[in-house]
Amino acid sequence: GEDVEQSLFLSVREGDSSVINCTYTDSSSTYLYWYKQEPGAGLQLLTYIFSNMDMKQDQRLTVLLNKKDKHLSLRIADTQTGDSAIYFCAVPSYGGSQGNLIFGKGTKLSVKP
Amino acid sequence: EAGVVQSPRYKIIEKKQPVAFWCNPISGHNTLYWYRQNLGQGPELLIRYENEEAVDDSQLPKDRFSAERLKGVDSTLKIQPAELGDSAVYLCASSSRLAGVYEQYFGPGTRLTVT
């Protein structure tokens with residue numbers, strides 16, 4: 001089945017850029033998603049990218065997709081302490097509905113002042 | 001616009017007891033999902049509804065878990081009897097499909113502790 005891998009931790013200083021990486025195994029996905037989870041809360045959709053795109057920019061967020069290597073990344077520019085959270089990469093399950101998402105284990109981003 | 005509402009937020013029960021979780025999705029969202037999130041893990045899909053029909057319940061442990069979505073709006077997820085390994089956060093999400101994009105909106109979750 002589909003497998004989504006992320007590094008578990010990332011620590012940056014306030015004002016620096018953060019880059020969170022994700023690799024996945026299946027190539028039939030049409031849209032790939034990034035979610036954010038703050039402590040005690042549900043997941044919040046941050047952004048998504050269509051699989052025929054290489055890059056998508058949305059304010060401080062930049063998503064890069066390398067479809068050949070099945071690698072997805074999320075860059076947060078000018079990282080703030082409020083960006084501290086767990087970030088999840090999610091891709092549709094292989095052979096299933098595009099609405100059935102497989103999530104990575106999440107990358108915990110810590111932003112130091 | 002109100003978000004996805006879940007209740008209760010927290011539940012502590014003894015093993016072998018039953019428990020139920022309730023979800024009210026965003027108005028107009030036809031698709032409803034139940035996920036389980038274990039500590040340190042990403043959410044795992046348990047069941048997906050399109051209106052009142054369960055279209056994917058392959059990951060739902062049917063010997064003890066059941067779900068329903070009456071009239072295609074609210075949904076209830078039940079566990080009977082609960083086991084220690086069921087301790088987790090149960091998340092409900094809803095979405096509408098726009099041009100192939102499933103923007104899922106999540107509720108705050110119900111944290112279940114089984115003792």
Side-chain angles (χ1 to χ4, degrees), chain A residues 1-9 20 22-25 28-53 56 58 63 72 74 85-109, chain B residues 2-10 21 23-26 29-51 53-60 88-112:
Chain A
E2 179 74 70
D3 193 23
V4 179
E5 297 285 340
Q6 297 180 241
S7 53
L8 296 182
F9 301 99
I20 300 170
C22 170
T23 58
Y24 57 97
T25 55
S28 66
S29 306
T30 54
Y31 288 92
L32 300 96
Y33 303 83
W34 282 102
Y35 284 83
K36 174 183 180 182
Q37 186 175 34
E38 297 183 6
L43 279 71
Q44 172 194 355
L45 178 63
L46 282 179
T47 187
Y48 56 85
I49 187 168
F50 188 49
S51 58
N52 69 352
M53 297 171 64
K56 179 182 178 181
D58 184 0
V63 180
L72 186 69
L74 175 69
I86 301 175
Y87 291 80
F88 292 92
C89 168
V91 302
S93 63
Y94 179 72
S97 165
Q98 291 292 313
N100 287 7
L101 298 182
I102 305 297
F103 288 81
K105 291 184 178 181
T107 299
K108 185 175 184 178
L109 175 64
Chain B
V4 176
V5 180
Q6 290 189 248
S7 69
R9 290 294 314 275
Y10 305 91
F21 315 123
C23 173
N24 179 244
I26 291 173
H29 281 190
N30 297 328
T31 309
L32 184 146
Y33 312 77
W34 282 103
Y35 290 89
R36 176 169 58 191
Q37 185 176 22
N38 292 312
L39 190 63
Q41 304 290 318
E44 295 177 316
L45 180 69
L46 291 174
I47 189 168
R48 177 171 68 94
Y49 282 92
E50 295 288 347
N51 298 303
E53 183 182 359
V55 296
D56 188 344
D57 62 356
S58 57
Q59 301 301 313
L60 190 72
V89 175
Y90 291 82
L91 295 164
C92 179
S94 68
S95 72
S96 61
R97 180 181 172 184
L98 294 173
V101 180
Y102 287 84
E103 293 192 19
Q104 294 190 28
Y105 294 85
F106 283 79
T110 297
R111 182 176 295 276
L112 173 67

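Each chain gets a letter, A, B and so on, in the order its sequence line appears, and its residues count up from 1.
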Turns out that what part of A/Phe50 lies under 4.5 Å from chain B's heavy atoms comes down to neither
d(A/Tyr48 OH, B/Gln104 CD) to nearest 0.5 Å is 13.0 Å
For the CZ atom of A/Phe103 and the CD atom of B/Gln41, what is their distance to the nearest 0.5 Å?
13.0 Å
When the 4.5 angstrom heavy-atom criterion is applied to B/Arg111 and chain A, the contacting part is neither
With rounding to the nearest 0.5 angstrom, report the CG to OH distance, A/Leu101 to B/Tyr33.
6.5 Å
Taking the side chain as every heavy atom from C-beta outward, state whether B/Pro43 and A/Phe88 have any atom pair closer than 4.5 Å.
yes
Quick check on B/Glu44 against chain A: is it the side chain, the backbone, both or neither that has a heavy atom closer than 4.5 Å?
neither
Mind checking the CD-CD1 spacing from B/Gln37 to A/Ile86? Nearest 0.5 Å is all I need.
7.5 Å
Hey, what do you get for CG (A/Asn100) to OG (B/Ser58), rounding to the nearest 0.5 Å?
7.5 Å
With a 4.5 angstrom heavy-atom cut-off, is it the side chain or the backbone of A/Gln44 that approaches chain B, or both, or neither?
neither
